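Note sheet for the following structure.
All values derive from a computational prediction rather than experimental measurement.
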Amino acid sequence: MAMPLVLRSVKEMRAYSRSAKQSGSRIGFVPTMGALHRGHLSLVEAAMKECETVVVSIYVNPTQFGRGEDFDRYPRNLEGDLNLLADYRVGAVFAPLDSEMYPEGFDTWVQVGRIAQPWEGTCRPGHFRGVATVVLKLFAIVEPDLAYFGEKDYQQLLVVRQMVRDLNLPVEIRACPTVREPDGLAMSSRNQYLSPDERRDALVLFQSQQLAQELVDRGEVDAAKITQAMREHILRVPYAKIDYVALVEPETLQEVTTVTRPVRAILAVRLGGTRLIDNMEIKPKTS
Ligand code: AMP
């Protein structure tokens, strides 16, 4: 298929969307930071199934990175991303410059409440403020009917849903399942940072969540015992640093004490200089 149209300015992007809508298209939007992989492409496929026009944004949003985080070294490869997208029915790629998104004098922020506080919110202060702000801006520019987010970033998905509800944004949010490597590692642009040894050791994230499900299947309901076993498994990698490992209510992200309903395992682990997150639904024993 042909390379997608690349739009750099807010004005062009809005004109494109408005004209697509005028021709009766529904616009499906996939916001990304680029360095695209099969996880991103699964969102594009989901959008293609439901929407006549698909828009992908590629923008490494500076305001969601904290000081000392990986903004400067975050992988950027627009050319490679466009080549990947050429195989999909993508109408336009919105790839704005920072000066277009945050012009001189920019001074308005979106602060989502409780759901953005724990876990990633605590480990990465200001992160969700940056995410919510850029997602609202992108929604205002692209004016999508539907927007697609990955469960890979589970808390982000809940933060975006909360914002859409609270601010009456005219967009439907769709959640897409996490795409994994054949061995179980959740796909992430940040996996590129891993050395071969770290890539091998990174499997403990997936394995610890499988272990949680196995323990529950064997009748364990005590969340503290399950998370302890998960921690011990992760710390078999001696240089691994756990930011958090928890079993939480899927809607509120509050920690549970027992697994008697479906819960979400969530975790963030640092391996060398790379911080990885993952999550998985853990279902209680049926019988
Ligand atoms: P990012 O480029 O990391 O900001 O991610 C852009 C979108 O792709 C977000 O909605 C992510 O949740 C989603 N995404 C990232 N990795 C995966 C994955 N492995 N499976 C499914 N969705 C993903």
Side-chain angles (χ1 to χ4, degrees), residues 1-21 25-48 51-65 69-106 108 110 127 129-150 152-153 156 160 169 171 173-174 176 179 187-193:
M1 250 185 249
M3 291 289 254
L5 182 67
V6 180
L7 304 176
R8 294 274 186 186
S9 73
V10 169
K11 207 172 152 193
E12 287 172 303
M13 183 64 244
R14 192 170 276 141
Y16 177 90
S17 283
R18 295 234 164 134
S19 122
K21 276 194 205 215
S25 281
R26 268 179 317 176
I27 296 185
F29 177 44
V30 180
T32 82
M33 299 206 297
L36 300 182
H37 51 66
R38 283 197 293 107
H40 299 114
L41 296 174
S42 75
L43 307 187
V44 173
E45 279 172 359
M48 284 167 53
C51 303
E52 294 75 21
T53 297
V54 175
V55 173
V56 175
S57 65
I58 296 181
Y59 180 59
V60 184
N61 172 38
T63 67
Q64 70 188 69
F65 289 79
E69 291 188 355
D70 56 344
F71 176 70
D72 289 333
R73 68 168 177 142
Y74 197 84
R76 291 164 172 87
N77 178 12
L78 185 59
E79 198 67 25
D81 290 345
L82 295 176
N83 276 318
L84 283 177
L85 291 175
D87 290 339
Y88 295 79
R89 184 174 53 75
V90 172
V93 169
F94 181 48
L97 295 176
D98 285 343
S99 56
E100 191 72 9
M101 292 299 277
Y102 297 105
E104 199 56 39
F106 180 90
T108 299
V110 181
H127 170 64
R129 181 178 94 140
V131 168
T133 302
V134 82
V135 170
L136 180 60
K137 284 173 64 68
L138 289 168
F139 285 176
I141 296 163
V142 175
E143 300 184 6
D145 298 284
L146 297 105
Y148 298 78
F149 289 83
K152 162 71 173 38
D153 300 279
Q156 169 175 283
V160 170
L169 304 181
V171 56
I173 302 301
R174 295 276 196 264
C176 301
V179 176
M187 290 203 165
S188 164
S189 307
R190 291 189 167 97
N191 293 349
Q192 292 185 27
Y193 300 150

> Does the pair Leu85 and Leu41 meet the rule for a side-chain contact (heavy atoms from CB on, under 4.5 Å), with working shown?
Replying inline: CA-CA 8 Å; Leu85 291 175; Leu41 296 174; 3.9 Å; yes
> Does the pair Met33 and Phe65 meet the rule for a side-chain contact (heavy atoms from CB on, under 4.5 Å), with working shown?
Replying inline: CA-CA 12 Å; Met33 299 206 297; Phe65 289 79; 3.8 Å; yes
> Any donor and acceptor pair, going by atom type alone, linking the side chain of Arg190 with main-chain N or O of Pro75 inside 3.5 Å?
Replying inline: no
>> Could you check whether any side-chain N or O of Thr53 sits under 3.5 Å from a backbone N or O of Ile27, counting only pairs where one atom can act as donor and the other as acceptor?
In response: no
>> Run Ile141 and Met101 through side-chain contact (heavy atoms from CB on, under 4.5 Å) and show every step you take.
In response: CA-CA 10 Å; Ile141 296 163; Met101 292 299 277; 3.9 Å; yes
> Under the criterion side-chain contact (heavy atoms from CB on, under 4.5 Å), which of Ile173, Val171, Asp153 is the partner of Val160?
Replying inline: Ile173
> Between His37 and Asn191, does a side-chain contact (heavy atoms from CB on, under 4.5 Å) hold up when you go through it step by step?
Replying inline: CA-CA 10 Å; His37 51 66; Asn191 293 349; over 6 Å; no
> Is a donor on one side and an acceptor on the other found under 3.5 Å between the side chain of Thr133 and the backbone of Gly130?
Replying inline: no
> Of the non-hydrogen atoms in Leu36 and Leu84, which two are nearest, and what is the gap between them?
Replying inline: O-CD1, 3.4 Å
> For Glu12, what residues pass the side chain to side chain donor-acceptor pair (under 3.5 Å) criterion, not counting sequence neighbours?
Replying inline: Ser9
>> Any donor-acceptor pair under 3.5 Å linking the side-chain atoms of Tyr74 with those of Asn61?
In response: no
> side chain to side chain donor-acceptor pair (under 3.5 Å) with Arg18: which residues, sequence neighbours excluded?
Replying inline: Glu143
>> Can you see whether Phe29 has Arg174 sitting over its ring - NZ or CZ less than 6.0 Å from the centre and within 45° of the normal?
In response: no
